[in-house]
Asks: 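Once you've had a glance at the structure underneath, I'll fire off some questions.
What you see is a predicted model; the values in this text were computed from it and never measured. Both counts, for ligands and for their atoms, begin at 1 and track the order of listing.
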Amino acid sequence: MNTFVYEIDDNLYINLTNECSNRCEFCVRTMKDDYEGYDLWLENEPSAEDVLALISEDKQYASVVFCGFGEPTARFDVLKKIAVALKGRYKLRLNTNGQGNLINGRDITAEVALLFDEVNVSLNASTAEKYDDICHSVYGKAAFGAVVEFGKSCAKKGVKTHFSVVDCIGPEEVEACRVLSFQSRVLFRVRKFITG
Ligand code: SF4
């Protein structure tokens, strides 16, 4: 069964695709069949209408988050259509690997800044080499610079933007990422590693 939307705590999450330009070693997809009790592997990708039909007008959420197992900006047109329909009704957050400009072949950050209240970019590492070692992007070592630029660009356009890392990268790398975030004028967050 397709899980296009799911709830955790008081947030609603939107799952648009299985596709991702990374193959991160710590990705929950590689460790378990379900996430927080939800089977997020999609048999087919939803349209904007499929998703909007599942969001009840009466229900309140702290945030609506574009997340899921795959990379939401891989379906940027659908994502935008949904975000436009929900804007003003909910606080909107984008959880992304920061490769949306590469994936879409153009700079999408102005549209992201217009639609979203908050953006969380998975930074994951402090250098292109370390990023490539753990994230294995289809864009190779070019991915990291694009990820950093994506976060910087969203922050510069006025969106509340975080770079995030998973604590399993070790304390020295966490600190190096904190410094990079500070230098990039992007907020910083450390997430707990989820074990399967
Ligand atoms: S960017 Fe996210 S969804 Fe993609 S492989 Fe890495 S952890 Fe998984």
Side-chain angles (χ1 to χ4, degrees), residues 2-6 8 11-46 51 63-76 78-79 82 93-105 108-109 112 116 118-154 161-170 173-174 177 180-181 184 186 188-196:
N2 285 313
T3 305
F4 297 148
V5 301
Y6 57 101
I8 298 177
N11 294 326
L12 181 77
Y13 291 80
I14 298 179
N15 183 26
L16 292 179
T17 182
N18 299 327
E19 298 304 316
C20 185
S21 48
N22 276 356
R23 291 287 173 272
C24 299
E25 292 186 3
F26 49 78
C27 182
V28 288
R29 301 189 299 180
T30 62
M31 289 182 283
K32 50 208 285 190
D33 295 331
D34 67 85
Y35 178 68
E36 301 274 342
Y38 295 104
D39 178 4
L40 297 182
W41 280 107
L42 298 175
E43 283 164 23
N44 58 284
E45 294 181 330
V51 170
S63 295
V64 171
V65 186
F66 291 73
C67 184
F69 264 8
E71 167 52 35
T73 62
R75 301 203 64 217
F76 196 55
V78 172
L79 175 154
I82 300 167
R93 188 171 92 219
L94 172 64
N95 285 0
T96 175
N97 67 12
Q99 294 173 28
N101 290 348
L102 294 175
I103 293 167
N104 290 280
I108 63 168
T109 57
V112 167
F116 285 89
E118 226 179 298
V119 175
N120 185 83
V121 180
S122 300
L123 181 65
N124 295 332
S126 65
T127 67
E129 287 70 26
K130 287 176 180 161
Y131 186 87
D132 193 43
D133 279 351
I134 54 176
C135 295
H136 311 293
S137 170
V138 296
Y139 303 106
K141 293 205 174 77
F144 183 71
V147 170
V148 173
E149 279 311 309
F150 190 92
K152 276 164 113 168
S153 182
C154 288
T161 306
H162 281 86
F163 278 145
S164 70
V165 298
V166 189
D167 61 0
C168 65
I169 62 175
E173 254 300 85
V174 168
C177 291
L180 177 59
S181 302
S184 306
V186 173
F188 182 65
R189 165 182 294 149
V190 183
R191 291 184 293 114
K192 285 254 160 271
F193 178 52
I194 303 164
T195 51

Asks: Side chains of Asn22 and Tyr139: closer than 4.5 Å at any heavy-atom pair?
Replies: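 When only atoms from C-beta onward are counted, Tyr139 and Asn22 do not touch, as no gap falls below 4.5 Å.
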
Asks: Do Asn120 and Ser164 have side-chain atoms, one donor and one acceptor, less than 3.5 Å apart?
Replies: yes

Asks: With sequence neighbours left out, what residues match Lys130 under salt bridge (Lys or Arg N to Asp or Glu O under 4.0 Å)?
Replies: Glu173

Asks: Could you list the residues that satisfy ring pair (Phe, Tyr, Trp, His ring centres under 6.0 Å) with Phe188, not counting sequence neighbours?
Replies: none

Asks: Side-chain donor-acceptor pairs under 3.5 Å in residues 65-74, sequence neighbours left out?
Replies:
{"from": "Glu71", "atom 1": "OE1", "to": "Thr96", "atom 2": "OG1", "distance (Å)": "3.4"}
{"from": "Glu71", "atom 1": "OE1", "to": "Asn97", "atom 2": "N", "distance (Å)": "2.7"}
{"from": "Glu71", "atom 1": "OE2", "to": "Thr73", "atom 2": "N", "distance (Å)": "3.2"}
{"from": "Glu71", "atom 1": "OE2", "to": "Thr73", "atom 2": "OG1", "distance (Å)": "2.6"}
{"from": "Glu71", "atom 1": "OE2", "to": "Thr96", "atom 2": "OG1", "distance (Å)": "2.8"}

Asks: Could you tell me if the side chain of Leu123 sits less than 4.5 Å from the side chain of Leu180, heavy atoms only?
Replies: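 Of all side-chain heavy-atom pairs linking Leu123 with Leu180, at least one is under 4.5 Å.
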
Asks: Give a yes or no on whether atom 2 (Fe) of ligand 1 lies under 4.0 Å from any heavy atom of the protein.
Replies: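 Looking at atom 2 (Fe) of ligand 1, one finds that no protein heavy atom lies closer than 4.0 Å.
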
Asks: Return all protein N, O or S atoms below 2.8 Å from atom 4 (Fe) of ligand 1, chain by chain in residue order.
Replies: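 Less than 2.8 Å away from atom 4 (Fe) of ligand 1 sit Cys20 SG.
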
